Amino acid sequence: MIADILTPQELKKADPVFGQLSFNDHEQIVFCNDKDTGLKAIIGIHNTVLGPALGGTRMWNYATEWDALNDVLRLSRGMSFKSAITGLNLGGGKAVIIGDAKTQKTPELMKRFGEFVHSLSGRYITAEDVGMETADMDLVREVTPYVTGISESKGGAGNPSPITAYGVFMGMKAAAKHVFESDHLEGRTVLVQGIGHVGEVLVDHITKEGGKVIISDINEARLETVSKKYGAEIYRGDDLYSLPVDIYAPCALGATINNDTIDKLQAKVIAGAANNQLADENIHGARLQEKGILYAPDFLINAGGIINVYAELEKYGKEEIIRKTENIYDTTLEIIEKAHTNSITTHQAALKIALERIEARKNENK
Ligand code: NAD
């Protein structure tokens, strides 16, 4: 028996789900497998106190299934706090599909995934994330109503990425206001890491305001296109984090603020779209604070996308989407103040507000 071989501590670590480092009282985890289409997916439902768990589906070529599970656990938890702090009546969920979105994503696979989503009867509502397009959500919509981010022509709110980028821009300006005493980005240098759906629109906003942008991406073609379009400088070296910039905007994948990068960072502000930017929120939030770097919490400032897809459920229009997204500016300033007053990190301050809202609803529902 495994218990005869491992110490209790090792045994705990070996627990495949509830013992996972990123397991945080998630309500439900669903493993989806379909031999015919090659679908291997995991749906994570973290918390449904405020409403159905809504969060995008990511398709990624994970090195191991453990990485995929860890990702969905972290991402779905983040969604609970994102919706809570944004004042939406939604819980937190997320899904990952294991595989290469460029070569393994087929209409059949997407529809099969949709059927699994449907089997949860609305406890989980999906949307777009890395590796997904609006057209993929349209395919999912063919088999289930529990999907958002479908095309505008099909009655949806369309691609959420431009609104996400606008919200990040709002959060970035609020953080800049606190650190540089002006929220105008003219003359500031911003490093945008990852110039995909969100990153490119963010580059657009910053350059329009007169900011200088340095871009980095693993996709060479995107670098060329975005550089030409916006006059952004390309960085291809291997010392990205040491660049002397004012603002660092992580817009690729999470956990880029970690033990290896934190000491190198020169930026005074971190504000980007990527989810779970802090590799370990308990350690790295405090380390940033000690270094005098202001971190705009990711789940607060990248909420534009969920505001956009929530519009499909609540049937509000573009004006309300913009208003709610612009509100990210004020909320970011409030969080910075709260962190300062309570001598906690900005991440902790944001988390506290989100948890309090969930707890209050839980008590109301009792
Ligand atoms: P995307 O897939 O369109 O773009 C990601 C970009 O990052 C791609 O161009 C990719 O080549 C690049 N990239 C990947 N690894 C990289 C690396 N190591 N270094 C540099 N570049 C790298 O994704 P997106 O929709 O723009 O989302 C970006 C991030 O924002 C993701 O973490 C996503 O979860 C998060 N986010 C997106 C939305 C949204 O509305 N799309 C909402 C909230 C959060």
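If you're wondering where the values come from, they're calculated on a predicted model, not measured in any experiment. Heavy atoms only: backbone and side chains are in, while hydrogens, waters and symmetry mates are out. We count ligands from 1, going down the list as the structure has it; atoms in each ligand are counted the same way. In what follows, residues are counted from 1 in the order of the sequence shown.
The residues K324 and E320 are annotated as salt-bridged, a charged nitrogen and a carboxylate oxygen being separated by less than 4.0 angstrom. Taking the charged nitrogens against the carboxylate oxygens, R112 and E115 do have a contact shorter than 4.0 Å, which makes a salt bridge. With respect to E209 and K173, a salt bridge is recorded, a charged nitrogen being found less than 4.0 Å from a carboxylate O.
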Using a 3.5 Å cut-off on N/O to N/O, what pairs does ligand 1 make with the protein? A line per pair would be great.
residue	atom	partner	partner atom	Å
ligand 1	3 (O)	H197	N	2.9
ligand 1	3 (O)	H197	ND1	2.6
ligand 1	9 (O)	D217	OD1	3.4
ligand 1	9 (O)	D217	OD2	2.7
ligand 1	11 (O)	D217	OD1	2.6
ligand 1	26 (O)	H197	N	3.1
ligand 1	26 (O)	V198	N	2.8
ligand 1	30 (O)	A273	O	3.3
ligand 1	32 (O)	A252	O	2.6
ligand 1	34 (O)	R58	NH2	2.9
ligand 1	34 (O)	D129	OD1	3.0
ligand 1	34 (O)	N275	ND2	3.0
ligand 1	40 (O)	T164	OG1	2.7
ligand 1	41 (N)	S161	OG	3.1

Give the table of side-chain donor-acceptor pairs shorter than 3.5 Å for residues 195-207, with sequence neighbours excluded, one pair per line with atom names and distance.
residue	atom	partner	partner atom	Å
H197	NE2	E133	OE1	3.3
E200	OE1	R222	NH2	2.7
E200	OE2	K229	NZ	2.9
E200	OE2	Y230	OH	2.8
D204	OD1	K208	NZ	3.3
D204	OD2	K208	NZ	3.1
T207	OG1	V203	O	2.8
T207	OG1	D204	O	3.1

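For residues 262-281, every residue pair satisfying the salt bridge (Lys or Arg N to Asp or Glu O under 4.0 Å) rule, not counting sequence neighbours, is listed here: R77-E281, D263-R287. Within the structure, the side chain to side chain donor-acceptor pair (under 3.5 Å) test picks out the following pairs touching residues 182-192 (sequence neighbours left out): D183-Y329.
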